[in-house]
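Below is one structure, written out as structure tokens, with a few remarks after it.
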Amino acid sequence: MFQRLFGRERHANRAITEALYAQIVAAARQTAFYSHWNVPDTPLGRFEMVSLHMFLFQHRLRGEDGAARDVAQVLIDEFFLDVDHSLRELGIGDVGVPKRMKKLARMFYGRTAAYDDALARNDRDGLVAALSRNVRPDAAWPEASLLAGYVTDACDQLAAQPSESIVSGTVTFPVANGGDR
């Protein structure tokens, strides 16, 4: 009982959280996004892709109870801790971090609402528009349709994964290939 209360379970949960977060980040860093689909390989472009994959993960676990709900919350917390750490690595001082964190949190939740709405309505054009507006607001971005296809495939693939597998530390995203859809 003492081991459970004072470390063993906490360590196991931390290992699961770290494994899931690493898989989410690895999916967001797939080379094809940046080299073939013209996602900007910048801190903001990487934030967009990690945000998108975090949304996909959260979307999959929405409505789940128990361990799945807890894992979803811990992963959101981990995501925002990582964003905070990244801001500090970019040289943002202690005074500027909270202001930027609020802005990035608003960006994240605004994006998730737009993606969720488009998926709920099965609106591919709306999803393409939301992705374009968020990932490449500076230019026309024909590759947005490729990313929208990836998002749809990811939703399907994630839906097929048992919750038990996810909460035990394994989540799988599709491979983003460099070809056309």
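A donor-acceptor pair is defined here as one N or O able to donate and one able to accept, closer than 3.5 Å; such a pair exists between the side chain of S132 and the backbone of V128. The backbone N or O of A176 lies less than 3.5 Å from no partner atom in the side chain of W37, so there is not a single donor-acceptor pair. In this structure, the side chain of Q161 engages the main chain of T172 through a donor-acceptor pair within 3.5 Å. The closest donor-acceptor contact from the side chain of R121 to the backbone of D116 lies at 3.5 Å or more, if one exists at all. A distance-only check finds a donor-acceptor pair linking the side chain of Q23 to the backbone of A19 [under 3.5 Å].
Here T170 contributes atom OG1 and E164 contributes atom CD; the two are 12.5 Å apart, rounded to the nearest 0.5 Å. Distance check, rounded to the nearest 0.5 Å: CG of L104 to OG of S51 gives 8.0 Å. Residue F79 holds its CZ atom at 13.0 Å from CZ of F55, rounded to the nearest 0.5 Å. A distance of 11.0 Å separates CG in D117 from OG1 in T112, rounded to the nearest 0.5 Å.
The shortest distance between side-chain heavy atoms of Y21 and V74 does not fall below 4.5 Å. You'll find the side chain of Y115 stays beyond 4.5 Å of the side chain of V151, heavy atoms only. Taking 4.5 Å as the limit, some side-chain heavy atom of I76 sits within range of a side-chain heavy atom of F108. Contact annotation: the side chain of R14 approaches that of E18 to within less than 4.5 Å [non-hydrogen atoms, C-beta and beyond]. Contact annotation: the side chain of V39 never approaches that of Q30 to less than 4.5 Å [non-hydrogen atoms, C-beta and beyond].
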Problem set entry | Residue pair F57, I166: steps toward the side-chain contact (heavy atoms from CB on, under 4.5 Å) verdict | CA-CA 10 Å; F57 181 84; I166 295 171; 3.6 Å; yes
Exercise. Does the pair L147 and L127 meet the rule for a side-chain contact (heavy atoms from CB on, under 4.5 Å), with working shown?
Worked result: CA-CA 9 Å; L147 188 55; L127 182 59; over 6 Å; no
For this session: Please report the C-alpha distance between L52 and L131 in whole Å, then the side-chain angles of each, then the deciding distance to 0.1 Å, and finally whether the side-chain contact (heavy atoms from CB on, under 4.5 Å) criterion is met.
Result: CA-CA 9 Å; L52 177 62; L131 290 165; 4.2 Å; yes
Problem set entry | Check against side-chain contact (heavy atoms from CB on, under 4.5 Å), Q58 and L75 | CA-CA 9 Å; Q58 296 293 318; L75 264 288; 4.1 Å; yes
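The two atoms that bring H59 and C155 nearest to each other are CD2-SG, 4.0 Å, heavy atoms only. The shortest non-hydrogen separation linking A148 to R124 is C-NH1, 3.8 Å. In terms of heavy-atom proximity, N134 sits nearest to P137 at O-CD, 3.8 Å. A154 approaches L56 most closely through the heavy-atom pair CB-CD1, 3.7 Å. Heavy-atom minimum distance, S168 versus S165: OG-O, 2.8 Å. The two residues N38 and R136 have their closest heavy-atom pair at O-NH1, 2.7 Å.
A centroid separation of less than 6.0 Å is found between the aromatic rings of Y150 and F33.
Within the structure, the ring pair (Phe, Tyr, Trp, His ring centres under 6.0 Å) test picks out the following pairs touching residues 155-176 (sequence neighbours left out): H53-F173.
The side chain to side chain contact (heavy atoms under 4.5 Å, CB included) check on D77 picks up Q73, with sequence neighbours excluded.
Between E48 and R111 there is a salt bridge, with a side-chain nitrogen of the basic residue lying less than 4.0 Å from a carboxylate oxygen of the acidic one.
Taking hydrophobic clusters as Ile, Leu, Val, Met, Phe, Trp and Tyr residues chained together by side-chain heavy-atom distances below 4.5 Å, Y34 shares a cluster with L44. There is a path of hydrophobic side-chain contacts, each under 4.5 Å, that joins Y109 to M54.
Residue-environment remark: CG (D138) exceeds the threshold of 12 foreign heavy atoms within 6.0 Å.
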Side-chain donor-acceptor pairs under 3.5 Å in residues 63-71, sequence neighbours left out?
unit_1 : atom_1 : unit_2 : atom_2 : d
E64    : OE1    : S163   : OG     : 3.0
E64    : OE2    : R60    : NH1    : 3.1
E64    : OE2    : S163   : OG     : 3.0

